[in-house]
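Since the structure comes first, as structure tokens, the remarks are kept for the end.
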Amino acid sequence: MSTLKFDENRLMQVLVAPIISEKATAAAEERGQVLFKVLRDATKPEIKAAVELLFKVEVQSVQVLNQKGKTKRFGGRIGRRDHAKKAYVSLKAGQELNFSGEAA
């Protein structure tokens, strides 16, 4: 587990949502990575600590990606979706996350 100390309330908010998509499923199968949408100001150590705290697994590494919001049209107006930050979380060998809610 992480040796750094973080505020537990902050860690509960760092992970916004898991990303379940075709690309995320391929990353999970090929490289054992899990994708999360995270807060834009979240750091790699915070993301690692949050995943370890919430899911009780060991994290090997975290890679982050800043995604620019797409420009979209809303009726006659042009708007933009919010920017987002994704985290690719690599789990140590033998570790697994289960989002279905069943106990492992």
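Small disclaimer: the values here were computed from a predicted structure and weren't measured. Worth knowing before you read on, the calculation uses all heavy atoms, side chains too, and leaves out hydrogens, waters and symmetry mates.
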Can you find a heavy atom in the side chain of [X] that is under 4.5 Å from one in the side chain of [Y]?
X   : Y   : answer
V51 : F36 : yes
F55 : L15 : yes
K44 : V64 : yes

Side-chain donor/acceptor of Q95 to backbone N/O of K92, under 3.5 Å: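 Between the backbone of K92 and the side chain of Q95 there is no qualifying donor-acceptor contact (under 3.5 Å).
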Donor-acceptor pair, side chain of H83 and main chain of K68, under 3.5 angstrom: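 The answer is no, because no donor-acceptor pair under 3.5 Å joins these two groups.
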At their closest point, which heavy atom of [X] faces which heavy atom of [Y], and how far apart are they?
X   : Y   : result
L11 : L54 : O-CD1, 4.4 Å
K37 : A84 : CE-CB, 4.1 Å
E8  : L53 : CG-CD2, 3.7 Å

Partners passing side chain to side chain donor-acceptor pair (under 3.5 Å) against R31 (at least two apart in sequence or in another chain):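 Applying side chain to side chain donor-acceptor pair (under 3.5 Å) to R31 gives Q33.
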To the nearest 0.5 Å, tell me how far [X] [atom1] sits from [Y] [atom2].
X   : Y   : atom1 : atom2 : answer
E30 : T25 : CD    : OG1   : 10.5 Å
R81 : T71 : CZ    : OG1   : 10.5 Å
E52 : L91 : CD    : CG    : 9.5 Å
M12 : D7  : CE    : CG    : 10.5 Å

Joint hydrophobic cluster, V16 plus Y88, side-chain heavy atoms closer than 4.5 Å: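 Different hydrophobic clusters.
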In one Ile/Leu/Val/Met/Phe/Trp/Tyr side-chain cluster, 4.5 Å: L39, V59: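 In one cluster: no.
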